Amino acid sequence: MNYQQFINAVEQEMKGSVAGKIEISIQDTLKNNGVRRKGLLLQEKGQSMSPTIYLEEYYQQYRTGVKLEDITEQIQSLYRELRMKPITKTRFLYEYEQVKDRIVLKVINREKNEELLETIPYWPFLDLAIVFYVLLDINETGAATMPVNLEHLKIWNVTEQELLKKAKENAVRLLPAQLRTMSSIVAEIMGAAPKEEVEDFMFVLSNSLRCLGAVCIAYDEVLYLIGEQLGENYFVLPSSIHEVIIVPESASPGYGDLNEMIREINQTQVQKKRCLGIMRIITIVRRRN
């Protein structure tokens, strides 16, 4: 069966297994760049939190031969695990004083997210949109986050301008910008020491977590400080929602070649939901005293 047929089959199987106990429905969630994900929404009476369990990975299991009833048992087991976790702490999300110091920001493509932007607060930046999320937790495996929508602003009784000001302050404090050479990042990924004889001509700008760090281009003074460090003009190339690439003007092959390189990266190397899209290359002219 195809993916949609699999979803329908899982829904019916789950409804038969938990009849009268949990309400089962399919949740269609809009993600970045128009990507939609389908998940199983499980709603139990008396529970204030209803988890959505996405089904892509389970479908891959099914395609490798795992039986449907075994998959539904996995989903029920996961639900029981989620249900046992304490949810009383989630109440703080409704109190602005409790979350205001955890609100940070990221950038997404504005044109490709018109539908999403109708439901969330945002701030235009170049041809991008700065959007907001609550940084719930950071650990060695990554970060737990919650997107901020228009309903949160009503509950918190804050304006988009207030949200932007606070999120910028928090982002610089919690997720400071980092500029690293491309060779050092590649070496880290490969588990090797950077080669000293390699001359770096490309840099990567992200945050300290290296997650949703492309927004660092909107941090106050960051782009100007990079110019001072490089000592020349440079280009900012959109890479993904997680980082941007910095190329000094003296090392650039030319605007057209850079534009083509970004187009190729976005089309072949970056997942659709992580792609910033074909944002125009930013030319930064070094500030001179």
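All figures in this text were calculated on a predicted structure; none of them were measured in a lab.
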Taking [X] for its side chain and [Y] for its backbone only, find out whether a donor-acceptor pair lies under 3.5 Å.
X	Y	result
His242	Gly213	no
Glu232	Ser250	yes
Gln98	Glu95	no
Arg110	Leu126	yes
Asp70	Gln74	no
Asn113	Leu116	no

Check: [Y] and [X] side chains under 4.5 Å, non-hydrogen atoms:
X	Y	answer
Ile130	Lys106	no
Leu230	Ile246	yes
Phe125	Ile217	yes
Glu69	Glu13	yes
Ile226	Leu179	yes
Leu68	Phe6	yes
Met182	Ile245	yes
Met14	Gln76	yes

Minimum heavy-atom distance between [X] and [Y], given as atom pair plus value:
X	Y	value
Ser206	Cys211	OG-N, 4.2 Å
Tyr122	Glu160	O-OE1, 3.2 Å
Ala214	Ser240	CB-O, 3.3 Å
Pro248	Phe203	CG-CE1, 3.9 Å

Would Leu150 and Phe132 show up in the same hydrophobic cluster when neighbours are defined by side-chain heavy atoms closer than 4.5 Å?
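Different clusters: Leu150 never reaches Phe132 through Ile, Leu, Val, Met, Phe, Trp or Tyr contacts under 4.5 Å.
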hydrophobic_cluster_shared for Ile26 and Tyr3, side chain cutoff 4.5 Å:
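Shared cluster, yes.
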Partner of Leu164 by side chain to side chain contact (heavy atoms under 4.5 Å, CB included), out of Leu105, Ile103, Thr159
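Of Leu105, Ile103, Thr159, side chain to side chain contact (heavy atoms under 4.5 Å, CB included) with Leu164 is met by Leu105 alone.
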Picking from Leu117, Val107, Val148, what satisfies side chain to side chain contact (heavy atoms under 4.5 Å, CB included) with Val131?
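Filter result, single survivor: Leu117.
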Spatial distance of atom [atom1] ([X]) from atom [atom2] ([Y]) [nearest 0.5 Å]:
X	Y	atom1	atom2	result
Trp123	Lys165	CH2	NZ	13.0 Å
Thr72	Glu11	OG1	CD	13.0 Å
Glu97	Trp156	CD	CH2	12.0 Å
Leu175	Leu135	CG	CG	5.5 Å
Lys154	Asn149	NZ	CG	9.5 Å

Determine, stepwise, if the pair Tyr133 / Leu212 fulfils side chain to side chain contact (heavy atoms under 4.5 Å, CB included).
CA-CA 11 Å; Tyr133 64 97; Leu212 305 177; 3.6 Å; yes
For Glu73, salt bridge (Lys or Arg N to Asp or Glu O under 4.0 Å) partners two or more places apart:
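If we apply the salt bridge (Lys or Arg N to Asp or Glu O under 4.0 Å) test to Glu73, skipping adjacent residues, the hits are Arg80.
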Exercise: do Asn8 and Gln12 side chains pair donor with acceptor under 3.5 Å:
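Side chains of Asn8 and Gln12: no pair found under 3.5 Å.
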Can you tell me if Gln178 and Ser208 form a side-chain donor-acceptor pair at under 3.5 Å?
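Ser208 and Gln178 do not have a side-chain donor-acceptor pair below 3.5 Å.
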Taking CG in Asn2 as the centre, count heavy atoms belonging to other residues, nucleotides or ligands within less than 6.0 Å. Is the count above 12?
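Enclosed.
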For Lys166, which residues count as a side chain to side chain contact (heavy atoms under 4.5 Å, CB included) partner, sequence neighbours excluded?
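Counting only residues at least two positions away or on another chain, Lys166 forms a side chain to side chain contact (heavy atoms under 4.5 Å, CB included) with Tyr96, Lys100, Asp101, Glu169, Asn170.
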Apply side chain to side chain contact (heavy atoms under 4.5 Å, CB included) to residues Tyr62 and Thr64 and explain how you reach the verdict.
CA-CA 5 Å; Tyr62 174 79; Thr64 61; over 6 Å; no
Would Glu243 and Leu205 count as a side chain to side chain contact (heavy atoms under 4.5 Å, CB included) here? Give the steps.
CA-CA 6 Å; Glu243 71 280 314; Leu205 174 65; over 6 Å; no
Apply the test side chain to side chain contact (heavy atoms under 4.5 Å, CB included) to residues Tyr58 and Ile75: give CA-CA distance (whole Å), side-chain angles for both, the deciding distance (0.1 Å), then the verdict.
CA-CA 9 Å; Tyr58 294 105; Ile75 294 173; 3.9 Å; yes
